[in-house]
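Along the sequence shown, the residues carry numbers beginning at 1. As the structure is a computational prediction, the values presented were derived from the model and not from experiment.
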Amino acid sequence: MTTQNLVTVIGIILQVTGALFLVFQAFRTSRKLGKYNAQVTYDNFSSIIADLARELGGQFQQQLLGFLFVLVGSALQLYGAVAA
């Protein structure tokens, strides 16, 4: 296997890992929010919104990590395709 092919394969593996991570995190969040069962009243409305905002705000770190895997994988694939 040539270095170009190896770099391309590593890039594909990183892309697949990043994509799987993103899907797993989306599934985890979906299940977590699906189980969130709160009786909304005037007294607890602000705390419910705060809980949901914290959960959704935490998505940025997860998405960033997944997209970094995809980005590095794409860069390695590009390098493998054009390196001579």
Applying the 4.5 Å side-chain criterion to the ILVMFWY set and letting contacts propagate, would Ile48 and Phe45 be lumped into a single cluster?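 As far as the 4.5 Å side-chain criterion goes, Phe45 and Ile48 are connected within one cluster.
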
Can you hop from Ile10 to Phe21 via hydrophobic side chains spaced under 4.5 Å?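 As far as the 4.5 Å side-chain criterion goes, Phe21 and Ile10 are connected within one cluster.
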
Taking only residues two or more places apart in sequence or in another chain, which ones pass side chain to side chain contact (heavy atoms under 4.5 Å, CB included) with [X]?
X     : result
Thr29 : Leu33, Glu55, Gln59, Gln62
Asn5  : Met1, Thr2
Leu20 : Val16

* **Chi angles and distances behind the side-chain contact (heavy atoms from CB on, under 4.5 Å) call for Leu76, Leu14** => CA-CA 9 Å; Leu76 288 174; Leu14 286 174; 3.7 Å; yes

Going by side-chain heavy atoms closer than 4.5 Å, which hydrophobic residues are tied to Phe67, directly or by a chain of links?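 Grouped by the 4.5 Å side-chain rule, Leu22 form the rest of the cluster around Phe67.
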
Partner residues of Ser74 under the side-chain hydrogen bond (donor to acceptor under 3.5 Å, both in side chains) criterion, sequence neighbours left out
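Residues passing side-chain hydrogen bond (donor to acceptor under 3.5 Å, both in side chains) with Ser74: Gln15.
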
Fill in: Partners passing side-chain hydrogen bond (donor to acceptor under 3.5 Å, both in side chains) against Arg31 (at least two apart in sequence or in another chain)
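Arg31: no side-chain hydrogen bond (donor to acceptor under 3.5 Å, both in side chains) contacts found.
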
Hey, what do you get for [atom1] ([X]) to [atom2] ([Y]), rounding to the nearest 0.5 Å?
X     : Y     : atom1 : atom2 : value
Leu68 : Leu64 : CG    : CG    : 4.5 Å
Asn44 : Asp51 : CG    : CG    : 9.5 Å
Lys32 : Phe27 : NZ    : CZ    : 14.0 Å

Item to complete: Using the side chain to side chain contact (heavy atoms under 4.5 Å, CB included) rule, pick out the option among Leu65, Val72, Leu71 that qualifies with Phe69.
Response: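 Exactly one candidate clears the test, Leu65.
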
